[in-house]
Amino acid sequence: MNSNSVPTQDVLIVGGGTVGLSAAVFLAHHGVRALVVEREPAPQVHPRATGIGPRTMEFLREVGLADAVNEIAIDAKGGSLGKISVETLASADFTTMRPSAQVSASPPACTPGVARGTCPQNRLDSVLLTRTSVTYGTRLVSLDQDSEGVTALLSGPDGPYEVRARYLIGADGVRSTVRSAVGLGVSGPGALGQNTSNVLFRADLRGIVGNARFAVCDVTTPDSPGMIVTIDGEKEWVFHTTGDASRASDLVRGAIGDPSAEVEIVSVLPWRPRAQVADSFSTGRVFLVGDAAHAVPPLGAFGMNTGIADAHNLAWKLAYVLRDEAGPGLLDTYGSERRPVAVMTMEQALLRLSDPRLHWAPGMAAERARVGAINAPVVHLGYRYGTPMSELPSTEDLALDLDGSVGSRVPHLWVADGVSSLDLVGSRFTVLADAGDPVWASAGAQLIDGWPYGPLLVRPDGIVAWKATVPDALPAVMDDLLHR
């Protein structure tokens with residue numbers, strides 16, 4: 001390999017999109033600096049995903065970025081119609097439309113992580129970039145690993161150079177160079193449907209939509225069928241079309257229903273839905289996160305959020321191992337925990353792709369149960385590590401699933417003004433117990449008035465690790481959890 005090199009890194013992240021940036025932010029939160037490289041020359045301007053799930057908002061709250069994200073999210077205080085279907089926007093009567101089921105539901109009482117509206121992915125990236133930096137225009141050429149670390153050959157604007165890192169995270173997308181370099185295969189249906197163009201355009205549509213807000217709008221006109229996605233709800237939109245991208249302006253005007261509309265095409269991103277999961281999420285000192293580990297069809301807003309959850313799960317484990325506070329066996333739990341969640345999420349997205357009513361239509365609980373579909377809030381927040389979704393108390397009611405069971409996200413209660421029980425975890429192993437419990441009060445637990453779940457040992461990522469019994473058992477439990 002090339003003799004040019006940079007100092008040894010704790011973690012090298014290949015891929016500076018949303019999931020790679022999240023991994024760097026979460027690692028930094030745990031005291032680990034990472035080098036992030038990205039093949040593109042600059043941050044993405046294309047919005048891509050727009051839905052930030054409640055679990056992702058909890059992660060952002062943990063690292064102090066939730067308020068900043070909400071500042072730039074699209075304010076939905078006036079309400080959203082969710083998914084609508086029209087011949088063209090100009091032909092629609094927005095005054096008679098009612099919200100779809102997934103949007104009309106109240107924000108769940110079991111999470112402090114509620115976004116004020118949709119947030120385009122490029123806006124989310126701009127917030128994450130305030131906490132980390134990226135070396136752009138740099139791609140992975142090859143990598144070798146041994147028992148001590150990974151040596152990566154990179155090619156940047158100034159030519160090739162080597163980076164030595166103790167661990168490497170592949171966050172480089174569905175066609176991951178990292179995944180190919182380490183020989184990990186994928187399983188699943190693969191490419192789905194037709195090649196599609198994601199057209200970002202600017203047009204002042206306030207005269208057509210008025211005060212109405214929608215997440216997505218199916219356009220059925222034969223001349224320009226497709227789907228319009230709200231970006232800012234006024235002047236910035238995305239149109240998904242299988243039509244000829246060279247005619248993007250005409251296709252957009254056709255979908256609007258006004259051939260004279262002033263339309264500016266900002267960018268066009270070709271894409272095709274895929275459904276696949278890597279056969280393993282790690283090998284040696286190399287880990288996969290996000291689309292490199294799993295590609296999920298878009299309906300349900302599961303893909304990006306699942307990738308961010310990968311990064312959150314992996315970051316604290318890498319930090320503990322790098323600080324010699326845990327044995328390397330802790331890192332094996334990353335794949336054993338996250339891969340089943342990714343498989344479940346892919347399956348749920350595929351069910352919705354075949355019948356979107358499972359996600360959007362009201363009164364579909366019985367139909368979801370019939371086909372094995374799970375209510376979206378449960379997909380986002382209700383899974384348990386080590387427990388199949390079929391064994392959850394409910395696949396519909398999220399509150400029933402967040403009951404303090406081992407492997408689940410610790411229950412949320414407001415314990416003071418603006419302070420959640422999740423906040424008390426503080427990104428470290430924490431025992432939460434009732435304030436009236438004298439045993440755990442003297443053992444240094446975080447105490448909550450009226451805590452109904454019994455003493456719980458909670459991991460740094462907010463997952464219940466142990467139904468606590470007596471403080472004397474805690475050292476052995478910790479040794480077991482940390483593989484030391």
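Just the heavy atoms: all of them, side chains too, but no hydrogens, waters or symmetry mates, feed the values below.
- Taking the side chain as every heavy atom from C-beta outward, Arg409 and Arg55 approach each other to under 4.5 Å.
- Under the 4.5 Å side-chain criterion, counting only non-hydrogen atoms from C-beta, Arg384 is not in contact with Val464.
- Pro297 has its side chain within reach of Leu350: a pair of non-hydrogen atoms, C-beta onward, lies under 4.5 Å apart.
- Between Tyr334 and Phe287, the angle of the ring planes goes over 60°, which puts this pair in the perpendicular group of the 30/60° scheme.
- His46 and Asn198 are linked by a side-chain donor-acceptor pair at a separation below 3.5 angstrom, with hydrogens and angles left out of the test.
- For the pair Arg202 and Asp232, the salt-bridge criterion is not met [side-chain N within less than 4.0 Å of a carboxylate O].
- Ring orientation note: the planes of Phe214 and Trp237 are close to parallel, at an angle under 30° on the 30°/60° scale.
- Put simply, the side chain of His380 does not reach to within 4.5 Å of the side chain of Pro377, judged on heavy atoms.
- The backbone N or O of Asp172 lies less than 3.5 Å from no partner atom in the side chain of Ser176, so there is not a single donor-acceptor pair.
- Salt-bridge formation is detected for the pair Glu337/Lys317: a Lys NZ or Arg NE/NH1/NH2 atom is positioned less than 4.0 Å from an Asp or Glu carboxylate oxygen.
- Between the side chains of Glu87 and Thr220, not a single donor N or O lies within less than 3.5 Å of an accepting N or O.
- Using a 4.5 Å cut-off on side-chain heavy atoms (C-beta onward), Tyr136 and Pro43 make contact.
- Here the side chains of Pro112 and Trp414 are in contact, with some heavy-atom distance below 4.5 Å.
- Aromatic ring centres of Trp271 and His240 lie closer together than 6.0 Å.
- A distance of 8.5 Å separates OG1 of Thr111 from CG of Leu398, quoted to the nearest 0.5 Å.
- You'll find the side chain of Ile374 stays beyond 4.5 Å of the side chain of Glu396, heavy atoms only.
- Between the side chains of His29 and Ser427, at least one donor-acceptor pair of N or O atoms lies under 3.5 Å.
- By the 4.0 Å N-to-carboxylate-O rule, Asp244 lies too far from Arg247 to be salt-bridged with it.
- With sequence neighbours left out, Asp401 forms a side chain to side chain donor-acceptor pair (under 3.5 Å) with no residue at all.
- With a 4.5 Å cut-off on side-chain heavy atoms, Arg339 and Val277 count as touching.
- Taking the charged nitrogens against the carboxylate oxygens, Asp291 and Arg179 have no contact shorter than 4.0 Å, which rules out a salt bridge.
- By the 4.0 Å N-to-carboxylate-O rule, Asp218 lies close enough to Lys83 to be salt-bridged with it.
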**Report entry** Worked verdict on Glu58 versus Arg61 for salt bridge (Lys or Arg N to Asp or Glu O under 4.0 Å)
**Finding:** CA-CA 5 Å; Glu58 291 176 2; Arg61 179 187 179 93; over 6 Å; no
